[in-house]
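Owing to the predicted nature of the structure, the values given are computational and were not obtained by experimental measurement. Values reported hereafter were calculated over all heavy atoms of this structure, with side chains retained and with hydrogens, waters and symmetry mates removed.
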Amino acid sequence: MGWAIALHGGARDIARTVTPERREIAEVGLRHCLQIGVAALKESRTAMDVAEIVVRELENNPSFNAGRGSVLTEEGTIEMEASIMEGSTKRCGAVSGLSTVVNPISLARLVMEKTPHIYLAFDGAEKFAREQSVDTTDTKYFITKESVAQLQQVREAQTLQVDFSTSTESNSHPETVGCAVVDSLGNCVAATSTGGRVNKMVGRIGDTPIIGAGNYANYLCAVSATGMGEHIIQATVARDVAALMEYKGFSVKEAANYVIGNMEKGTCGLVAVSYNGEVAMPFNTSGMFRACATEDGYSEVGILA
């Protein structure tokens, strides 16, 4: 048994024509966040702390579709969501409809720790954020040149698009972010955060804050999913991985591969860790922005299949 960490910046049919510059930016971001997570684990920080720290870093990076780099709704507004779950206790917290909170994942943790509830959304979540004195800012902070350009292109095409998924340079950004961690005591935690889908209807909620869909942890594993939210919700992706381990005796790799293998091609990916330090990072898209490390020295950072 040993610690392990896996993180992602989204799975999608990432074009192989992504410019070297864009790919380097994503890889640098992934490596940076992985290093932060590994350092925290080596300092014996809890899995909960590590998952939050890593996702906060991903949220602060405008290259990813969460926090600072969140995509825009059909009205050009921001609606962020996140969730976090502790496997040993089944405690969890989730938020949706955020427009001013700098780090949604931290607010999700506060929902878990400071309220009798699991899920807060929109005005109620924003009110709770103010009461807890979490970092907030003007909505303009989240609206980047890239997100505005992406929304405009999607509007012109009259389509609903999952994040930055086309092959043009301006659109070659990763998607939802997430982290699965097991600490040296075998405690598993999953954390996931996103800005959602480009040009989504106002009020749309995806898989990220839905416990058991885009995010889940129990005493056996932690799972963070990414991809097409509606598909992930319908398939209860994250919970299915844990269920196969719990009821069928699958390893985390067997369970994760089985679940992703049964999803419609081009819709999903996930990162997962087990209580005994194993890692799985399967996807059925052309790529997934991903990174992992284990206590025995293994490390991996990848983008394309």
Side-chain angles (χ1 to χ4, degrees), residues 6-16 18 26 30 55 58 64-66 71 81-83 85 94 96 159-166 171-180 190-198 200 204-218 221-245 248 250-274 278-292 300 302-305:
L7 57 107
H8 68 77
R12 183 57 178 164
D13 288 331
I14 301 165
R16 295 181 184 273
V18 170
L30 291 170
V55 173
L58 289 164
F64 298 100
N65 176 19
V71 298
E81 49 197 31
S83 68
M85 186 168 188
S96 285
T159 61
L160 177 72
Q161 186 171 326
V162 179
D163 305 324
F164 297 91
S165 60
T166 71
N171 295 334
S172 54
H173 287 263
E175 300 187 16
T176 296
V177 305
C179 183
T192 310
S193 182
T194 190
R197 301 179 68 169
V198 177
K200 66 183 179 182
R204 179 261 187 186
I205 294 172
D207 66 288
T208 293
I210 306 298
I211 303 302
N215 200 70
Y216 189 78
N218 66 5
C221 67
V223 184
S224 174
T226 176
M228 300 181 69
E230 283 71 18
H231 289 257
I232 293 170
I233 292 171
Q234 290 172 329
T236 60
V237 166
R239 172 55 187 162
D240 271 13
V241 173
L244 286 168
M245 295 180 68
K248 292 290 189 178
F250 283 25
S251 69
V252 69
K253 288 185 178 180
E254 291 171 336
N257 288 337
Y258 182 89
V259 170
I260 295 301
N262 280 277
M263 294 286 290
E264 181 180 337
K265 187 174 177 58
T267 60
C268 186
L270 64 83
V271 297
V273 298
S274 68
E278 294 181 341
V279 173
M281 300 191 295
F283 51 94
N284 65 14
T285 59
S286 67
M288 181 170 75
F289 295 85
R290 63 198 186 276
C292 72
E300 176 186 347
I303 295 179
L304 297 176

Beyond-backbone contact of [X] with [Y], side-chain heavy atoms, under 4.5 angstrom:
X	Y	result
M245	S274	yes
E81	S193	no
R12	M288	no

If every non-hydrogen atom of [X] is compared with every non-hydrogen atom of [Y], which pair is closest and at what distance?
X	Y	value
S96	I205	OG-CG2, 3.9 Å
A94	P209	CB-O, 3.4 Å
S224	G178	OG-CA, 3.3 Å
V279	A6	CG1-CB, 3.9 Å
A272	A180	CA-CB, 4.1 Å
A213	I232	O-CG2, 3.4 Å

Exercise for review: Check the pair T192 / S83 against side chain to side chain donor-acceptor pair (under 3.5 Å), numbers first and verdict last.
Suggested key: CA-CA 6 Å; T192 310; S83 68; 5.0 Å; no
Can any side-chain N or O of [X] pair as donor or acceptor with the backbone N or O of [Y] at less than 3.5 Å?
X	Y	answer
R290	V271	no
K200	V71	no
N284	G266	yes
N65	T194	no
R239	G214	no
N218	C221	yes
N215	T208	no
H8	C179	no

[X] side, atom [atom1]; [Y] side, atom [atom2] - distance, nearest 0.5 Å:
X	Y	atom1	atom2	result
N262	N257	CG	CG	11.0 Å
S286	K265	OG	NZ	8.5 Å
L270	M263	CG	CE	9.5 Å
F64	T176	CZ	OG1	11.5 Å
Y258	L244	OH	CG	7.0 Å

Practice item. Could you walk me through whether V237 and C268 pass side chain to side chain contact (heavy atoms under 4.5 Å, CB included), step by step? Key: CA-CA 9 Å; V237 166; C268 186; 4.2 Å; yes
Exercise for review: Go through the steps for V55 and V177 under the test side chain to side chain contact (heavy atoms under 4.5 Å, CB included), then give the verdict.
Suggested key: CA-CA 7 Å; V55 173; V177 305; 4.2 Å; yes
**Study point:** All side chain to side chain contact (heavy atoms under 4.5 Å, CB included) counterparts of T285, not counting sequence neighbours
**Key:** A11, D13, F283
**Study point:** E230: partners by side-chain hydrogen bond (donor to acceptor under 3.5 Å, both in side chains), with sequence neighbours left out
**Key:** R197, R204
Review point. Do any pairs count as a salt bridge (Lys or Arg N to Asp or Glu O under 4.0 Å) and have a residue in residues 251-264, sequence neighbours left out, and if so which ones?
Key: none
